[in-house]
Number of protein chains: 2
Amino acid sequence: MTIKPRRNSPERKAVKPKIPTSGRSAAAPARGVRPNQADVAYSRLRELILAGSIAPGSFVLELEAAAKLGMSRTPVREAMVRLRAEGIVEIRARHGMRVLPVSADDMREIYEVITSLESTAAGLVAKRGIDTNALSSLNEAVKAMDSALERDDLERWAQADEDFHRTLINSCGNGRLIQTVDQFWSQAHRARLLTLRLRPKPTQSNREHAALVKAIAKGDAEAAVRIHQEHRERAGRLLTDLLRKIG
Amino acid sequence: MTIKPRRNSPERKAVKPKIPTSGRSAAAPARGVRPNQADVAYSRLRELILAGSIAPGSFVLELEAAAKLGMSRTPVREAMVRLRAEGIVEIRARHGMRVLPVSADDMREIYEVITSLESTAAGLVAKRGIDTNALSSLNEAVKAMDSALERDDLERWAQADEDFHRTLINSCGNGRLIQTVDQFWSQAHRARLLTLRLRPKPTQSNREHAALVKAIAKGDAEAAVRIHQEHRERAGRLLTDLLRKIG
DNA sequence: GCATTCCTTAATGAATTCATTATTGTACTT
DNA sequence: AAGTACAATAATGAATTCATTAAGGAATGC
């Protein structure tokens, strides 16, 4: 018997069934199932957007994206629908998918949501207790931030900061909250990178992180909420003010 | 010249370009644009699910839904992707879309998110002020709740309660927060209906609503946050406990 | 030169076709 | 009778086809 040739014309590059390494996606591809073309399109496009490789404000046609990704329009279309649901692109008929620029006002909105949910998460973690693993991760992150700050390594600091917050949120015991924060966090990511070197040294941040860990370890939910809220509000103000300045 | 006949086989019932009246959808169909088949499929399916017409836990195949809605699988598929992104269904290969049942634990998660965001919204409204229109809407809703309660008209009370909260949230000046609350609110809706007659008379609720309006009118953000938080936490506990009891 | 109308073209929305594959049922073996 | 192998089937994932329609440009009139 002969092998039937596939009739696919978009040249079939052996698709790596690699699981995307980036943080959990909002529209979760069912667990453990190997990703299909639509999943590939979704995560590839998402990465491109979040890394800034597709400029905010620019349009991407279905056909363009399909060609670039080596697949047909169908899965690309599905991916775009998911990205729109996440709020990081809009779809304009006959212009394709437009990567939404994040204005200062958008950033205010995003930070208000993040502040609200993360503070709640901090409170929940303090109230419900945190497992030893996570607690030591938090402490490590704090240490990493301190040493990065001493060496003026801002990239390192930002990474540790992100680790800290991700660990914190992931310990809150509320999957929906985690996913929602994740979604908004990714939208703020670009702006954070953009303004990293324009911000004052985040020494205050480090103090707040340490205080938060202490409150959580003590199980003081009230304090945890308050500290985290102030922390985020300050960060949000800083970021939105900066965005307003640099346009 | 003759009119070219369309070759569509699924009988073309004159598609009403009606804008769905229900609350704003999470994956916003672009403003002002007439809805396409995918939008129709999305809102029809969503209505069916939220009204309980598609039983939680049950599976719906793409082809079934397509036949029922009089369109092909393509737009149905797109709609299902959107519903999955919203977290109200899951998609299992070869079994179709499964309406996710909302367990007591799910409801806890949902209420934790709602509580967090709505309290923040209440605070924002108090801080930023509220326009006269919205304020009188709130007062009307409070009045409606009171009179409905006197007449033991629970449906009416639930409607007024929903109006109150929707008005409040819509006044917060944060579109992303509004949309996110809306999304979770719709997930809680079924359970609320289910347990409406099992709950004690919501006299306490009415008092809290009145107090909240007063705090907002005074511009007392702290109080607004606190009152609303307690209000929602109590409601959440009540609902999840009930769900736990009745399974 | 500028506005208006018509025509062409390209992008989309949606149906359809096709290949793959999980699932279900059946036959067969032990 | 129980379990396994195999075959038929049905559902999906994805490509492709087709009709529609907005966008852009050319031609026309002022």
Side-chain angles (χ1 to χ4, degrees), chain A residues 1-15 17 27 29-30 32-45 58-84 89-98, chain B residues 1-15 17 27 29-30 32-45 58-84 89-98:
Chain A
M1 163 195 175
T2 56
I3 307 288
K4 282 188 217 155
R6 283 199 52 122
R7 106 197 116 86
N8 292 346
S9 48
E11 75 282 5
R12 193 74 159 168
K13 38 187 90 162
V15 174
V33 177
R34 83 175 136 58
N36 51 26
Q37 294 288 74
D39 291 328
V40 173
Y42 169 76
S43 43
R44 295 269 303 273
L45 286 177
S58 65
F59 288 100
V60 180
L61 295 176
E62 287 183 7
L63 209 59
E64 280 180 69
K68 175 139 39 187
L69 299 175
M71 59 182 75
S72 80
R73 278 172 50 216
T74 309
V76 168
R77 195 179 163 73
E78 194 175 312
M80 287 183 174
V81 167
R82 280 157 84 181
L83 291 170
R84 178 181 64 177
V89 307
E90 71 176 355
I91 292 179
R92 282 201 17 184
R94 276 150 229 288
H95 291 267
M97 162 190 97
R98 176 162 172 267
Chain B
M1 161 195 176
T2 56
I3 306 289
K4 282 187 217 157
R6 282 200 54 123
R7 106 197 117 84
N8 292 344
S9 48
E11 76 282 8
R12 194 81 161 157
K13 39 186 89 162
V15 173
V33 177
R34 83 174 136 62
N36 51 25
Q37 294 289 72
D39 291 329
V40 173
Y42 170 76
S43 42
R44 297 269 303 270
L45 286 177
S58 65
F59 287 100
V60 180
L61 296 176
E62 287 182 8
L63 209 59
E64 280 180 69
K68 174 137 40 187
L69 299 177
M71 57 182 76
S72 80
R73 280 172 50 218
T74 309
V76 168
R77 197 180 161 72
E78 194 176 310
M80 288 183 173
V81 167
R82 280 156 86 182
L83 291 170
R84 177 180 66 177
V89 307
E90 71 177 354
I91 292 179
R92 281 199 20 182
R94 274 149 232 287
H95 291 266
M97 162 191 98
R98 176 163 173 267

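No experiment lies behind these values; they were computed from the predicted model shown. Naming: A, B, ... by sequence-line order, numbering from 1 per chain.
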Legend entry - Nearest-angstrom distance from the residue atom CZ of B:Arg82 to C1' of C:dG13: 13 Å
Legend entry - A:Glu90 CD - C:dT12 C1' separation (whole Å): 16 Å
Legend entry - Rounded interatomic separation in angstrom, taking CG from A:Asn36 and P from D:dT12: 13 Å
Heteroatom pairs (N/O) under 3.5 angstrom, protein to nucleotides 8-11 of chain D:
unit_1: D:dA11; atom_1: N3; unit_2: B:Arg94; atom_2: NH1; d: 2.7

Legend entry - Residues forming a side chain to side chain contact (heavy atoms under 4.5 Å, CB included) with B:Arg44, sequence neighbours excluded: B:Val40, B:Leu69
Legend entry - Spacing between B:Phe59 atom CZ and D:dT12 atom C1', to the nearest angstrom: 15 Å
Legend entry - Pairwise distance CD(B:Glu78) to CG(B:Asn36) - rounded to 0.5 angstrom: 6.5 Å
Legend entry - Rounded distance [0.5 Å steps], CZ in A:Phe59 versus CZ in A:Arg92: 4.5 Å
Inset, instruction - Nearest whole angstrom, please: distance from the C1' of D:dT12 to the CD of A:Gln37. - result: 14 Å
Legend entry - Between OG on residue A:Ser58 and NE2 on residue A:His95, distance to nearest 0.5 Å: 14.0 Å
Inset, instruction - Would you mind reading off the distance between A:Arg73 atom CZ and C:dA15 atom C1', rounded to a whole angstrom? - result: 12 Å
Legend entry - Inter-residue atom distance A:Arg77.CZ - A:Ile91.CD1, 0.5 Å rounding: 7.0 Å
Legend entry - Value in whole Å for how far the P atom of D:dA15 lies from CZ of B:Arg77: 11 Å
Inset, instruction - Please state whether the base of C:dA15 and the side chain of B:Thr74 form at least one donor-acceptor pair under 3.5 Å? - result: yes
Legend entry - Whole-Å gap separating C1' (C:dA14) and CG (B:Asp39): 13 Å
Inset, instruction - For A:Arg92 and for B:Arg92, find the nucleotide of DNA chain D with the closest heavy atom, then tell me which residue's nucleotide is more 5'. - result: B:Arg92
Inset, instruction - To the nearest 0.5 angstrom, please state how far the CZ atom of B:Arg73 sits from the CD atom of B:Glu64. - result: 12.5 Å
